[in-house]
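Here is the structure we will look at, set down as structure tokens.
Both counts, for ligands and for their atoms, begin at 1 and track the order of listing. Heads up: numbering here begins at 1 and tracks the sequence.
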Amino acid sequence: MIYHHHHILNKEIASVKRKNKTIGFVPTMGSLHHGHLTLISRALEENDIAVVSIFVNPTQFDKPADLKKYPRTMDADADLLKTLKGPVYIYAPLPSDLYGDNVVSKKYNFGGLEHQMEGRFRPGHFDGVGTVLNLLFRAISPDHAYFGEKDFQQLQIANKLVEIEDLPTKIVGCPIVREESGLAMSSRNKRLSPKLLEEAVLIHQMLVEVKKYFGRYSIAKLSIIVEKAFRENEHLELEYFEIANINNLKTAARKRAGIKYRAFIAAFAGGVRLIDNIALN
Ligand code: AMP
């Protein structure tokens with residue numbers, strides 16, 4: 001069932017809640033792939049119903065051209081969701097249904113998480129993410145909300161948001177789903193030519209390499225290896241490579257005992273921006 005208006009969805013949700021049923025929520029920007037389906041299947045396993053939002057949120061895009069080019073495949077998305085077993089409600093609003101007349105971000109202080117990596121390269125991005133998640137969580141009142149580790153920084157922002165906004169939703173992180181080649185599944189992959197799909201595998205290859213040598217090499221040396229590999233690839237352009245503490249996402253200059261790290265890459269493949277990451281220890 002597709003809902004375009006939150007007041008109609010709210011009535012359904014109220015009736016679900018009256019029966020003491022639980023709601024698992026998966027926020028997406030649509031153009032669904034197997035990675036999204038894994039999150040939605042988990043939401044169905046752990047809750048009585050799943051709500052999937054399909055909304056390309058304008059306030060989290062810093063570049064209008066990127067927003068415009070973001071793939072939109074509503075009919076195919078609805079067909080894909082029909083293949084899942086269990087009650088899935090789709091919420092596909094227009095911006096005005098969520099935001100009213102004022103499609104702008106609220107300003108958030110996520111304790112510094114928002115200034116790292118994606119926040120550094122996409123100004124205002126996490127204000128947009130926080131704003132839309134807050135609006136969606138208030139419209140849907142989910143018991144659980146499922147986020148992919150593919151957007152690890154976003155997952156940590158969601159954890160911080162429920163704390164700041166005092167929301168009762170429990171955030172659940174889910175592993176990254178990959179193509180057989182290792183490339184992380186992404187809606188943006190639909191914009192890549194067959195050649196670029198092949199070349200983009202370097203992103204995951206380098207993350208695996210960094211994981212392999214993390215115990216032996218310094219972070220400086222690992223950075224040199226990754227930067228060199230991207231310099232030598234004429235199809236990809238590295239935006240950042242970072243090793244960061246998984247809790248505060250601060251860039252790590254050197255390894256310290258007792259801290260968990262992940263490696264993060266953002267790179268352009270023919271103008272399409274891709275991100276990926278890996279747990280290191
Ligand atoms: P998006 O539609 O790209 O905003 O993604 C919606 C949700 O799906 C986010 O929580 C993403 O982290 C998650 N997601 C996207 N791609 C993957 C993937 N390859 N593996 C796991 N989760 C993913």
Side-chain angles (χ1 to χ4, degrees), residues 24-46 50-62 66-67 69-74 76-78 80-81 84 88 90-93 98 113 117-118 122 125-126 128-137 140 142 144-162 169-192 197 200-201 203-204 207-208 246 249 262 264-267 269 272-279:
F25 174 45
V26 183
T28 83
M29 297 206 295
S31 197
L32 301 179
H33 52 69
H34 192 67
H36 295 115
L37 292 191
T38 310
L39 268 59
I40 302 162
S41 300
R42 175 127 178 230
L44 281 170
E45 272 163 34
E46 297 179 359
V51 177
V52 179
S53 61
I54 295 182
F55 180 61
V56 183
N57 174 37
T59 64
Q60 72 187 68
F61 285 81
D62 56 314
D66 194 24
L67 170 64
K69 282 189 208 150
Y70 199 87
R72 290 157 171 90
T73 58
M74 193 60 212
D77 290 353
L80 206 53
L81 291 174
L84 293 172
V88 178
I90 306 170
Y91 176 43
L98 266 178
L113 285 175
M117 298 185 285
E118 293 299 286
R122 303 181 70 185
H125 174 64
F126 288 117
V129 169
T131 303
V132 76
L133 288 180
N134 183 40
L135 291 168
L136 287 166
F137 285 2
I140 292 158
H144 301 102
Y146 296 81
F147 288 85
E149 288 179 346
K150 155 97 173 16
D151 302 272
F152 192 83
Q153 190 171 8
Q154 174 173 274
L155 164 64
Q156 297 300 53
I157 291 276
N159 274 309
K160 193 79 186 165
L161 179 79
V162 294
T169 302
K170 186 173 181 299
I171 304 296
V172 184
C174 305
I176 301 172
V177 181
R178 300 182 176 283
E179 303 289 353
E180 245 171 68
S181 65
L183 178 67
M185 288 191 183
S186 165
S187 307
R188 291 169 187 263
N189 294 353
K190 290 183 184 150
R191 292 177 51 205
L192 299 177
L197 273 173
V201 172
I203 299 169
H204 179 242
L207 290 172
V208 171
I246 65 162
L249 297 182
R262 283 182 97 97
F264 297 82
I265 287 178
V272 180
R273 190 171 183 279
L274 304 172
I275 58 171
D276 198 354
N277 69 89
I278 200 166

Completion exercise
Applying side chain to side chain contact (heavy atoms under 4.5 Å, CB included) to A269 and not counting sequence neighbours gives L192, L196, L236, L274
Practice task
Using the side chain to side chain contact (heavy atoms under 4.5 Å, CB included) rule, pick out the option among N134, L135, L133 that qualifies with T131.
Solution key: L135
Handout entry: For atom 22 (N) of ligand 1, closest protein heavy-atom neighbour
Key = G148 CA, 3.4 Å
Exercise for the section: Mind checking the CE-CZ spacing from M117 to R122? Nearest 0.5 Å is all I need. Expected result: 13.0 Å
Fill in the blank from the handout: So the salt bridge (Lys or Arg N to Asp or Glu O under 4.0 Å) pairs with at least one residue in residues 33-42 (sequence neighbours excluded) are R42-E46
Completion exercise
Ranked by distance from atom 23 (C) of ligand 1, the top protein heavy atom is K150 CB, 4.0 Å
Problem - From H34, H36, Q154 - option closest to atom 5 (O) of ligand 1 by heavy atom - result: H36
Exercise for the section: Compute the shortest N/O to N/O distance between A184 and ligand 1 and return yes if it is under 3.5 Å, no if not. Expected result: no
Exercise for the section: Kindly indicate whether a cation-pi arrangement holds for R262 with F152, taking the cut-offs as under 6.0 Å to the six-membered ring centre and within 45° of the axis. Expected result: yes
Exercise for the section: For I176, counting its heavy atoms only, list the atoms of ligand 1 lying under 4.0 Å from any of them. Expected result: 20 (N), 21 (C)
Handout entry: Atom pair CD1/CD1 of I278 and I176 - distance to nearest 0.5 Å
Key = 7.5 Å
Handout entry: From the candidates P27, C174, P175, G173, the one that places a heavy atom nearest atom 21 (C) of ligand 1
Key = P175
Completion exercise
When rounded to the nearest 0.5 Å, the distance separating CG of D276 from CD of E149 is 11.0 Å
Handout entry: Enumerated ligand 1 atoms positioned under 4.0 Å from heavy atoms of V177
Key = 18 (C), 19 (N), 20 (N), 21 (C)
Problem - Distance, nearest 0.5 Å, that separates OG of S187 from CE of M29 - result: 7.0 Å
Exercise for the section: Please could you name the atoms of ligand 1 that Y70 approaches to less than 4.0 Å, counting only its heavy atoms? Expected result: 3 (O)
Exercise for the section: Could you list which atoms of ligand 1 come closer than 4.0 Å to a heavy atom of F147? Expected result: 10 (O)
Completion exercise
Taken to the nearest 0.5 Å, the spacing of I203 CD1 from L183 CG works out to 6.5 Å
Handout entry: Option nearest atom 2 (O) of ligand 1 (shortest heavy-atom distance, choices R178, E179, M29)
Key = M29
Handout entry: Shortest heavy-atom approach to atom 15 (C) of ligand 1 - which of R188, Q60, H33
Key = H33
Problem - Polar contact flag for G35 and ligand 1 (N/O pairs, less than 3.5 Å) - result: no
Fill in the blank from the handout: Any heavy atom of L39 under 4.0 Å from ligand 1? The part involved is side chain
Practice task
Provide the number and element of each atom of ligand 1 under 4.0 Å from a heavy atom of M185.
Solution key: 16 (N), 17 (C), 18 (C), 19 (N)
Problem - Pick from D151, N189, T28: the one approaching atom 14 (N) of ligand 1 most closely through a non-hydrogen atom - result: D151
Practice task
Would you please determine whether F152 falls within less than 4.0 Å of ligand 1 on a heavy-atom basis?
Solution key: no
Handout entry: SB check R72 D77 (cutoff 4.0 Å)
Key = no
